[in-house]
Structures are given as structure tokens and as C-alpha cells.
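Read through the structure below, which is laid out as C-alpha cells, and then see the notes.
By convention in this document, chain letters (A, B, ...) are assigned in the order of the sequence lines, proteins followed by strands, and residues within each chain are numbered from 1. Only this structure's heavy atoms are used, side chains among them; waters, hydrogens and symmetry mates stay out.
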2 protein chains.
Amino acid sequence: MPKDRAPTRIQQKNRAVILEAALNVFSAHGFRGATVDQIAAEAGLSKPNLLYYFPSKEAIHTALLSGLLEVWLAPLHALNENGDPLEEILAYIQRKLEMSRDLPRESRLFANELVQGAPRIHDALSTDLKKLVDEKTAILTRWMDQERIARVHPYHLIFSIWALTQHYADFEVQVRAILGDEDPFEGAPLFVETLYRKLLTP
Amino acid sequence: MPKDRAPTRIQQKNRAVILEAALNVFSAHGFRGATVDQIAAEAGLSKPNLLYYFPSKEAIHTALLSGLLEVWLAPLHALNENGDPLEEILAYIQRKLEMSRDLPRESRLFANELVQGAPRIHDALSTDLKKLVDEKTAILTRWMDQERIARVHPYHLIFSIWALTQHYADFEVQVRAILGDEDPFEGAPLFVETLYRKLLTP
DNA sequence: TCTTGATTTGACCATCTGGTCAAACTCACG
DNA sequence: CGTGAGTTTGACCAGATGGTCAAATCAAGA
């Protein structure tokens, strides 16, 4: 374990390589299903070498999750009260859909954690996430009060957006098994746009 | 392992007890995260005793999944071409929502499997499930052709229903972290009904 | 070049885990 | 009540897994 100096070039590279490998493995097999050997192999390092950069499997997982939570919530963060309500919401949805397409591993990493009761990020959910969602639903509610979008339960509106968009990443096998050759991300954007336009147009 | 006679009273009871325990453990920790000892403890049996009734951990998991797949797909199966289109679809959605509320372990069992690439039920997805969905989307398409519901991509319509309804079971921790005391199943039925009524009314 | 800290590794360990087995026990029924 | 099949268990095993450690190797600044 290096002292707490500025990270060397090698440290920077190897930490990044490890996190990338860990993302692959954890997202595909969950925390318990992933093995340190697997991550090390994926990263092209020996196991002891990997454990030189992170003290434990748990530490890698935690570093990954906390590092990605910000990225994951950025689109919701960007929801802007001063924009046009419907366009803001639709833009949020499209951004989430793009993330499902471009960052499916990240989506599955969180899905794995959540479906098993979020043992490692429960705190972040009821603090950071709840705070962000409360903030944004307040905006939604104000828009509804001003009759700029139709009135619906704001929390369930957020849940529905998460569910719909992340479904394509989290349950990709199922979607592909049913769609066959058709690219899910061909029809999805139009479908969800139609859906939320109809739902929210006052 | 008993011979292939008719199952004794004890066999019947213990198999059921084991499957119930396995449902608890597998749905909470995934296949890899569950241990045979855990399932045995939950079932109130010793590990060798448990393995007397099922030859392996894998066998228990398979028995569970294949036994529950039918239950899981029953609501979609019940979608009836001869009923009123919108009411049929809304009834399907409400049934799915009830299953999320009443059978969350079953939902998470499948979610765990799917999010990790469905290594153990991939076949059933591309055969049984695909067949059922193809059948039912054909009905939806006919309804759309007859202009009895609005035209949307039928597969994405199905996906959206799955995503929305199962979200409440699969990601229950997250929903609860955000809703706090509020019961998710208080607001959800009205929300999803509104959503699909607006989407599908021609 | 030399030195010192950073990096890498082979060997190793304790624990966990899925699974086996022979022996013991229980139950239903003739 | 005796008997044979059905049931249960303690002891055990092999392989996997997370993690350690001392020794070897490397890299960069003096």
C-alpha cells in the first residue's frame, strides 16, 4: 500500500484499470458472484498486485459505486426549473435512455445492488438520493400547480422514468430474447416520448 | 434419494418447505450469493438432509424457477382478445401490480436471474416467453389496426408494463427509501392506470 | 550509478462452500 | 412387533476464495 502521497502515474493507471475490470465483473455477476481472481485476470494483474491497490474486494466495490453514483444521478440533477417543463422532462428521459444504451454495465451494477436490498448503499439512498429526488419532485409539483404539466403523483412519475429507461439495460437479455434482431434503442425513444407527452400534456 | 414411487407425506412436506426457504434465500441474494447451508437453516433441515431431497443447489434453483415461470406469466396469458381492449390491458397491469405487491420474492428471483444475463433460463426466454409475447402482441396489433387502442410499438408497450409494475418489487428498497412512510401501492395503481389510459385511448 | 521507495509476485493460509457417505434412526405396514 | 424402505445426521472431503507476506524487481531522483 503506497503512502498517502500524490498518486504516481502507475497508481493512477492501475486504479483505473482495476475499476474498469471490476465494473465488468461486478455488473455481470453481482458482488457475491464476482471473485477477486476474476477481476484481477480481467485487469491483467496478479491477485496480490490488485490487492496492493485496494485493500479488499469490498473496497473495490465501494469505490466503484460511490464513484459512479454521481454520474448516475447527473441527468436528474440537470433538470432545470427554468426550462420548459415538458421539454425538460423529455430531455431527462432521453438522457436516461442514452445512458441505458451507452452505460449498461453501470445500470446493472446498481440493479444488482438494489435488487438484493442495497446492503452497501442503503445510506446513500435515504440521504443523497432522497434529497435529490425531493428537490426535483418539488419542481415537478410546482409545474403542476402552475398547470404547465398534468397533475400526477410526482414520485411515481420519477419511478416510472427510472423503471422504463433502466429496464433496457438491466433486463437486456430478456428484451433481446423477445425483440430478436430489432435494436431496442430504435423503437424505445419514440415510445417513451409518446408515452410521457400524452401523460403530461395538461 | 427416494425411488421414483409416489412421494410420501414427508417428501411432499419437505420439498415444499425447501422450495419456500430457497425462494427466500435466492431472491434475497441471487444464485451465487445463496448458500446451501443458508437454505437448509431457513428450511429447518440439515444440509445433508436437504441434499437428500434435491441433488444439488442448482437443482433447487431450477425447480424453483421452472415452477414459478408459469405463475409469473399467467396474467399475460389471461389477456383475452375478445374482451374490451383497454379494459383487458388495464386489468393485466393491475394484476401485475398486485403480483409485485403480493409476490415480491418471486419478482426478485427472476430479476436476479435476468440482470445477470439469465444464465439458467435463457432458453425459456427465447422459446416459451417469446412465443407468449408474440402471441399477445399480435392481439395488441390487431386492436390497433381496428383503431380500438392508439397505435404504439406493441413490444415496447409490453416492456413498459413489465418495467413499471415489477420496479416496485425489484427495487423496493429504493422506492421505500424515497417514499418513506408512504405505501408505494397506494399511489401506484392510480398512476399507472392514468398513464396507460392516456397512452392507449385512441 | 546508486539508493530508496514503489511495484510485483509465488507461495501460502484460513475459511467457506457444495457435496458425499456410512451409520443411525424412524415410520408404515404385514 | 419385526422388517425393510424411507429419513436424518455427524464427520468428512476437495476445491474455491479472500487475503497475507516476505522476497524479488522496478523506477526515478540525487
Side-chain angles (χ1 to χ4, degrees), chain A residues 1-65 112-113 116 119-120, chain B residues 1-65 112-113 116 119-120:
Chain A
M1 332 97 180
K3 308 285 178 182
D4 47 20
R5 308 211 180 137
T8 70
R9 188 171 36 87
I10 296 176
Q11 274 171 46
Q12 251 178 315
K13 194 199 71 181
N14 280 348
R15 275 179 194 274
V17 166
I18 290 169
L19 289 176
E20 169 72 15
L23 176 56
N24 279 331
V25 179
F26 282 133
S27 69
H29 305 290
F31 180 78
R32 188 66 156 59
T35 74
V36 176
D37 289 280
Q38 231 176 324
I39 299 171
E42 185 92 13
L45 298 174
S46 67
K47 183 168 58 166
N49 199 181
L50 182 148
L51 289 166
Y52 168 75
Y53 291 99
F54 289 90
S56 69
K57 179 183 173 183
E58 179 100 32
I60 304 173
H61 195 249
T62 303
L64 246 193
L65 280 174
N112 258 303
E113 183 67 8
Q116 290 179 19
R120 277 165 269 276
Chain B
M1 331 100 178
K3 309 285 177 182
D4 47 20
R5 306 210 182 139
T8 69
R9 187 173 36 88
I10 296 178
Q11 274 169 46
Q12 250 178 317
K13 195 200 71 181
N14 280 347
R15 275 178 195 273
V17 166
I18 290 169
L19 288 176
E20 169 72 15
L23 177 56
N24 279 331
V25 178
F26 281 134
S27 69
H29 305 288
F31 180 78
R32 189 65 156 58
T35 73
V36 176
D37 290 278
Q38 233 177 322
I39 299 171
E42 185 92 11
L45 298 174
S46 66
K47 184 169 59 169
N49 198 180
L50 181 149
L51 289 167
Y52 169 75
Y53 290 100
F54 289 89
S56 68
K57 179 183 173 183
E58 180 99 31
I60 305 173
H61 194 249
T62 303
L64 248 194
L65 280 175
N112 258 303
E113 183 67 9
Q116 290 178 19
R120 277 165 267 276

Inset, instruction - If a protein heavy atom is under 4.0 Å from the base, mark B; if only from the sugar-phosphate, S; if neither, -; do that for nucleotides 22-30 of chain D going 5' to 3'. - result: ------S--

Separation of [Y] [atom2] from [X] [atom1] (nearest 0.5 Å):
X	Y	atom1	atom2	answer
A:Asn112	B:Gln116	CG	CD	4.5 Å
A:His61	A:Arg32	NE2	CZ	13.0 Å
A:Asn49	A:Asn14	CG	CG	6.5 Å
B:Leu23	B:Leu65	CG	CG	10.0 Å
B:Ile18	B:Tyr53	CD1	OH	7.0 Å
B:Ser56	B:Ile60	OG	CD1	7.0 Å

Inset, instruction - State, to the nearest 10°, the angle formed by the axis through the first five base pairs of the helix from C:dT1-D:dA30 to C:dG30-D:dC1 and the axis through its last five. - result: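 Roughly 10°, once rounded to the nearest ten degrees.
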
Legend entry - side chain to side chain contact (heavy atoms under 4.5 Å, CB included) involving B:Ala16 - partner list, sequence neighbours excluded: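 B:Ala16 satisfies side chain to side chain contact (heavy atoms under 4.5 Å, CB included) with no other residue.
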
Could you check how far [atom1] of [X] sits from [atom2] of [N], rounded to whole Å?
X	N	atom1	atom2	value
A:Leu50	D:dT17	CG	P	15 Å
B:Asp37	D:dA11	CG	C1'	14 Å
B:Asn49	C:dA24	CG	C1'	13 Å
A:Arg32	C:dT17	CZ	C1'	8 Å
B:Tyr52	D:dG6	OH	P	7 Å
A:Leu45	C:dA6	CG	P	18 Å
B:Ile39	C:dC16	CD1	P	18 Å
A:Lys13	C:dA6	NZ	C1'	14 Å

Quick one: side chains of residues 36-44 of chain A, donor-acceptor pairs under 3.5 Å with protein atoms, not counting sequence neighbours, listed by atom name and distance.
unit_1  : atom_1 : unit_2  : atom_2 : d
A:Gln38 : OE1    : A:Thr35 : N      : 3.3
A:Gln38 : NE2    : A:His29 : NE2    : 3.3
A:Glu42 : OE2    : A:Asn24 : ND2    : 3.1

Given [N], is OP1 or OP2 found less than 4.0 Å from the side-chain N or O atoms of [X]?
X	N	answer
B:Asn14	D:dT8	yes
A:Thr8	C:dT7	yes
A:Gln11	C:dA6	no

Distances under 3.5 Å between nitrogen or oxygen atoms of protein and nucleotides 19-22 of chain C:
unit_1 : atom_1 : unit_2  : atom_2 : d
C:dG19 : OP2    : B:Lys57 : N      : 2.8
C:dG19 : N7     : B:Lys47 : NZ     : 3.4
C:dG19 : O6     : B:Lys47 : NZ     : 3.2

Inset, instruction - Identify the heavy atoms of B:Ala22 and B:Leu64 that sit nearest to each other, and give their distance. - result: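 Looking at all heavy atoms of both residues, the closest pair is C-CD1, 3.8 Å.
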
Inset, instruction - May I ask you to say what B:Ala34 touches in the nucleic acid, namely base, sugar-phosphate or nothing, with a heavy-atom cut-off under 4.0 Å? - result: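 Sugar-phosphate contact only.
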
Inset, instruction - Determine whether A:Phe54 and A:Leu19 make a side-chain contact, defined as any pair of heavy atoms from C-beta on separated by less than 4.5 Å. - result: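 When only atoms from C-beta onward are counted, A:Leu19 and A:Phe54 do touch, with a gap below 4.5 Å.
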
Inset, instruction - State, with a plain yes or no, whether a side-chain heavy atom of B:Glu113 is found less than 4.5 Å away from one of B:Pro119. - result: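 Yes, close enough: below the 4.5 Å cut-off.
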
Legend entry - Aromatic plane relationship, B:Phe26 with B:Phe31 - under 30° parallel, 30 to 60° tilted, over 60° perpendicular: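 Ring orientation of B:Phe31 relative to B:Phe26: parallel.
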
Legend entry - Positions of residues 21-31 of chain A (non-hydrogen atom under 4.0 Å from DNA chain C), listed by number: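 Going residue by residue through residues 21-31 of chain A, none turns out to have a heavy atom under 4.0 Å of DNA chain C.
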
